[in-house]
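Take a look at the structure set out below.
Counting begins at 1 with the first residue of the sequence.
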Amino acid sequence: MSHQARPDEAQEPETPHLDFQGTTPYEDYVQADVLTHLQHTLSDDPGEMVFLVTTQVMELWFTVIVHEWETAAKALRADDVPVAVAALKRSVRELEALNASWRPLGQLTPAQFNSYRSALGEGSGFQSAMYRRMEFLLGEKSASMLVPHRGAPRVYAELEKALHEPSLYDEVLRLLARRGHAIPAAVLDRDVSLRYEPVPEVQAAWTALYSGDDSDELARLGEALTDVAELVWRWRNDHLVATRRAMGSKTGTGGSAGVAWLEKRAQKNVFPELWTARSYV
């Protein structure tokens, strides 16, 4: 007597479609073949591949995070706080993944790093155009940081545009003003191509918000921004620790001050009044 399959018996899974004309739809969408052939090491050290791929992954995360923060800034201009908060919350998860990128590099000994450091030449992370766009969106503006990109017209134009656009925090403060908070005209009309500096009246506005209803959407916006700021601080500190471990206090690649420059950066908070206001709530 033939065996009849019971409903609870495992069914043989269908074989996926395997025959495509040309490249696969996956390849067409992800461009994996391009991504996995962008690694051109310059030394014989096997550790250089880890350094190169990790750095390229960081660049991809920079790109996604810039997209999220620009989405949030656009939403804030349109008074759409929920869309802005959603983008900021996504960027928090992306920043966590970005920060985890230090783990493959964080265990480098000086000898391991030195084995391929010369291959970097004058290359240094501070030359990353996409990371510079992240910094500009955070309010860390500096016209001098456009100089390394003069030889790349498209990149230079994108950075120059970002330099003269309001930062994410500028858009937040303009929203607060539209919602009736006493943000000074000097802040609202400031030259947005300059680095943002903290203002007592902005601190007072955040103090008032945090002293009120925790469920207020502007308070929730403040917490989303604080989550971002905390992870930016952790990124800078993880960079500092990884660099200190790999090369001590030597001059950094690209002629930077290395650890000394990173230590100075790690001491600064973005969205500063969101931190200082907490002392007065």
Side-chain angles (χ1 to χ4, degrees), residues 30-69 91-138 140 142 145-149 151-152 154-156 158-159 162 228 231-266:
V30 177
Q31 296 288 293
D33 187 57
V34 175
L35 288 172
T36 54
H37 287 80
L38 291 173
Q39 295 73 44
H40 306 292
T41 55
L42 300 176
S43 76
D44 295 327
D45 189 274
E48 187 190 350
M49 187 66 164
V50 179
F51 182 88
L52 178 56
V53 170
T54 302
T55 304
Q56 290 176 336
V57 168
M58 288 178 174
E59 285 291 329
L60 292 174
W61 282 125
F62 296 160
T63 303
V64 176
I65 292 165
V66 165
H67 169 74
E68 301 289 21
W69 292 349
S91 79
V92 166
R93 300 291 172 254
E94 294 146 10
L95 283 162
E96 289 172 342
L98 170 63
N99 291 0
S101 301
W102 287 118
R103 292 175 189 167
L105 305 180
Q107 301 298 309
L108 285 175
T109 67
Q112 289 168 336
F113 185 51
N114 286 338
S115 64
Y116 57 81
R117 187 188 181 204
S118 61
L120 303 178
E122 290 191 293
S124 176
F126 78 82
Q127 298 161 9
S128 165
M130 196 57 73
Y131 182 71
R132 192 57 46 201
R133 285 177 63 179
M134 277 180 60
E135 291 274 304
F136 284 1
L137 278 162
L138 293 170
E140 296 287 328
S142 173
M145 298 309 290
L146 271 63
V147 173
H149 306 282
R154 179 182 61 79
V155 172
Y156 187 91
E158 289 174 351
L159 279 173
V228 167
L231 287 166
V232 169
W233 178 82
R234 291 185 185 279
W235 160 267
R236 291 173 176 175
N237 275 273
D238 287 351
H239 189 181
L240 168 62
V241 171
T243 303
R244 182 181 285 152
R245 181 159 184 159
M247 54 179 278
S249 59
K250 288 184 291 190
T251 301
T253 55
S256 70
V259 164
W261 185 78
L262 294 173
E263 284 177 336
K264 183 178 179 181
R265 298 288 296 153

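- Nearest heavy-atom pair, Thr54 versus Pro104, reported as atom, atom and distance to 0.1 Å: OG1-CB, 4.0 Å.
- A donor-acceptor pair under 3.5 Å links the side-chain atoms of Gln56 to the main chain of Leu38, judged by distance alone.
- For the pair Ala129 and Leu159, the tightest heavy-atom approach, listed with the atom from each and the gap, is O-CD2, 3.6 Å.
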| message | If you apply the rule side chain to side chain donor-acceptor pair (under 3.5 Å), what do you find for Ser43 with Glu48, and how did you get there? | response | CA-CA 7 Å; Ser43 76; Glu48 187 190 350; 2.6 Å; yes
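- With sequence neighbours excluded, the residues satisfying side chain to side chain contact (heavy atoms under 4.5 Å, CB included) with Val57 are Val53, Trp61, Ser101.
- Asp238 meets the side-chain hydrogen bond (donor to acceptor under 3.5 Å, both in side chains) test with no other residue; sequence neighbours excluded.
- Ser128 pairs by the side chain to side chain contact (heavy atoms under 4.5 Å, CB included) definition with Glu59, Phe62, Met130, Tyr131, not counting sequence neighbours.
- Classification of the Tyr116-Phe113 ring pair by plane angle, with boundaries at 30° and 60°, yields perpendicular.
- Here the straight-line distance linking atom CD of Glu94 with atom NE2 of His67 works out to 8.5 Å at 0.5 Å rounding.
- The line from CD of Gln31 to OG1 of Thr36 is 10.5 Å long, rounded to the nearest 0.5 Å.
- The CG atom of Leu105 sits 6.0 Å away from atom OG1 of Thr55, with the distance rounded to the nearest 0.5 Å.
- In this structure, CD1 in Ile65 is found 4.0 Å from CG in Leu95, a value given to the nearest 0.5 Å.
- With sequence neighbours left out, the salt bridge (Lys or Arg N to Asp or Glu O under 4.0 Å) criterion links Glu135 to Arg236, Arg265.
- Remark: Pro46 pairs with no residue by the side chain to side chain contact (heavy atoms under 4.5 Å, CB included) rule, at least two apart or across chains.
- Nearest approach of Leu35 to Val30, heavy atoms of both residues: CD1-O, 3.9 Å.
- Gln112 approaches Thr109 most closely through the heavy-atom pair OE1-N, 2.9 Å.
- For Thr63, there are no side-chain hydrogen bond (donor to acceptor under 3.5 Å, both in side chains) partners at least two apart in sequence or on another chain.
- Listed by chain and number, the residues in a side-chain hydrogen bond (donor to acceptor under 3.5 Å, both in side chains) with Ser142 are Ser144 (sequence neighbours excluded).
- For the side chain to side chain contact (heavy atoms under 4.5 Å, CB included) test, residues two or more places apart in sequence or in another chain that qualify with Leu137 are Val66, Trp69, Glu70.
- With rounding to the nearest 0.5 Å, the separation of CZ in Arg133 from CD in Glu158 is 5.0 Å.
- Scanning for salt bridge (Lys or Arg N to Asp or Glu O under 4.0 Å) contacts around Arg103 gives an empty result, with sequence neighbours left out.
- By the side-chain hydrogen bond (donor to acceptor under 3.5 Å, both in side chains) test, Asp33 pairs with His37, sequence neighbours left out.
- Under the salt bridge (Lys or Arg N to Asp or Glu O under 4.0 Å) criterion, Arg234 pairs with Glu230, not counting sequence neighbours.
- One distance of note links CE of Met145 with CD of Glu140; it measures 11.0 Å at 0.5 Å rounding.
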